[in-house]
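Chain naming here is simple, since letters A, B, ... match the order of the sequence lines and numbering starts at 1 in each. Source: prediction; values computed, not measured.
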Number of protein chains: 2
Amino acid sequence: MESSFAILAEPNRRAILSLLASSERSVGELEDRLHLPQTSVSKHLRVLREAGFVESRVEAQRRMYRLRPEPLMEVDEWLAPFRRFWSGHVDALERHLERMAALPKPKKGKNR
Amino acid sequence: MESSFAILAEPNRRAILSLLASSERSVGELEDRLHLPQTSVSKHLRVLREAGFVESRVEAQRRMYRLRPEPLMEVDEWLAPFRRFWSGHVDALERHLERMAALPKPKKGKNR
DNA sequence: CAGTCATATGCCCATATGAGTATATACGTG
DNA sequence: CACGTATATACTCATATGGGCATATGACTG
C-alpha cells in the first residue's frame, strides 16, 4: 500500500482533489479545468482510486468521480501532534527557547 | 522549490519529523532511534532543512535539529477545504447524496 | 597535533513514476 | 451496426530519488 503522502506528492493529483472538494466531476471536466491530457487525468484518477481518495460512479458514458474522506483524514491525524507548534498562545520560537533552556547542556562523550 | 507534500512522501523523513515533534535531537540520536545509517539521516535532514521543515543549531561537535512550523502549517491549510467532508454532523456519504440529488441529471452531448 | 567522534557530501546504481503516444473498451444514437 | 463520445490501459522513455559506500570536514581531547 502506498502512503497517502506519496499520493499527494503529485501536484496534479492535489489539483484533482481540490476540484472534487467542491463537487463531483467527470473525467472530461477535470481534463478541461486542469488543461491536462485525458490519458494523464485517467492515470492520476486510477492512482487516487486505488489509494482510496476517490471513488467513481458510472453515469452513461461518463464516470463521475467524488472524494472519499478516509485518506485525507489520516493525513489530518498525522498532523495532529505537530499542531502544538503553531497553535495555542505559545508561539514556536518561544517554545523552542523553552526547550533549549531546559536541556542539561551535555558536555562530554558520545552521550546521544 | 519542492512541494511540502513531496518532502513528506518519504517515510523516514516523516519519522524524523515525528521524533523532532517531542524534542530537539542530534543526528546520532535520530540515527539510533530510526535504525538508519548516519549518511541516510544526514541526507534526509538536508532535504528537510532546505525545505524549511527543520533548522539546526551547532552544539560542540553535534548539530541539534529542531522543527520549524511553517511548512507543516501550509499542509494543514491545504487540508482545510476538505475538512467539511468529515467534520460537523453531516457525514461524507450524506453530503455526497445531497450533491447528487442537486444535480440536474444531464442527458445528452459532450456537456462537460 | 594525532586520534577520534559527529556529521556532511559526492558518486554510482536500482527503482519508481509521470508524460506522451497509440490503442482498447464501453456506451449511446441515428 | 456504424460512428462518435468518454474513459481506460499498455508501452516506452526520461528523469528523479533513496540507498550504499567511500570520503571529506570539523571539532574536542589527551
Nearest-Å distance for atom pair [atom1]/[atom2], residues [X] and [N]:
X: A:Gln61; N: C:dG30; atom1: CD; atom2: C1'; answer: 14 Å
X: A:Glu59; N: D:dT7; atom1: CD; atom2: P; answer: 10 Å
X: B:Arg25; N: C:dA6; atom1: CZ; atom2: P; answer: 17 Å
X: B:Leu36; N: D:dG20; atom1: CG; atom2: P; answer: 9 Å
X: B:Glu31; N: C:dA6; atom1: CD; atom2: P; answer: 9 Å
X: B:Arg62; N: C:dA8; atom1: CZ; atom2: C1'; answer: 17 Å
X: A:Arg57; N: D:dA6; atom1: CZ; atom2: P; answer: 16 Å

Any donor-acceptor pair under 3.5 Å linking the side chain of A:Arg68 with the backbone of A:Gly52?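 Yes, the answer is positive, given that a donor and an acceptor are paired below the 3.5 Å cut-off.
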Those residues that, when tested against A:Arg49, pass side chain to side chain donor-acceptor pair (under 3.5 Å) (two or more places apart):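 In terms of side chain to side chain donor-acceptor pair (under 3.5 Å), with neighbours along the sequence ignored, A:Arg49 is linked to A:Tyr65.
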Looking at residues at least two apart in the chain, or sitting in another chain, which of them share a side chain to side chain donor-acceptor pair (under 3.5 Å) with B:Ser42?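 Result, side chain to side chain donor-acceptor pair (under 3.5 Å) vs B:Ser42: B:Gln38.
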What residues, two or more places apart in sequence or in another chain, satisfy side-chain contact (heavy atoms from CB on, under 4.5 Å) together with A:Pro81? none
All pairs passing side chain to side chain donor-acceptor pair (under 3.5 Å) where residues 72-81 of chain A contributes a residue, at least two apart: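 For residues 72-81 of chain A, and leaving out neighbouring residues, the side chain to side chain donor-acceptor pair (under 3.5 Å) pairs sorted by first residue read A:Asp76-A:Arg83, A:Asp76-B:Arg83.
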Can you give one letter per nucleotide of nucleotides 8-18 of chain D, going 5' to 3': B for a protein heavy atom under 4.0 Å from the base, S for sugar-phosphate only, - for none? BBB------SS
Tabulate below the donor-acceptor pairs under 3.5 Å that side-chain atoms of residues 5-18 of chain B make, not counting sequence neighbours, or state none.
residue: B:Glu10; atom: OE1; partner: B:Asn12; partner atom: N; Å: 2.8
residue: B:Glu10; atom: OE1; partner: B:Arg13; partner atom: N; Å: 3.3
residue: B:Arg13; atom: NE; partner: B:Ile7; partner atom: O; Å: 2.7
residue: B:Arg13; atom: NH1; partner: B:His44; partner atom: ND1; Å: 3.3
residue: B:Arg13; atom: NH2; partner: B:Ile7; partner atom: O; Å: 3.4
residue: B:Arg14; atom: NH1; partner: B:Leu8; partner atom: O; Å: 2.6
residue: B:Arg14; atom: NH1; partner: B:Ala9; partner atom: O; Å: 3.3
residue: B:Ser18; atom: OG; partner: B:Arg14; partner atom: O; Å: 3.1

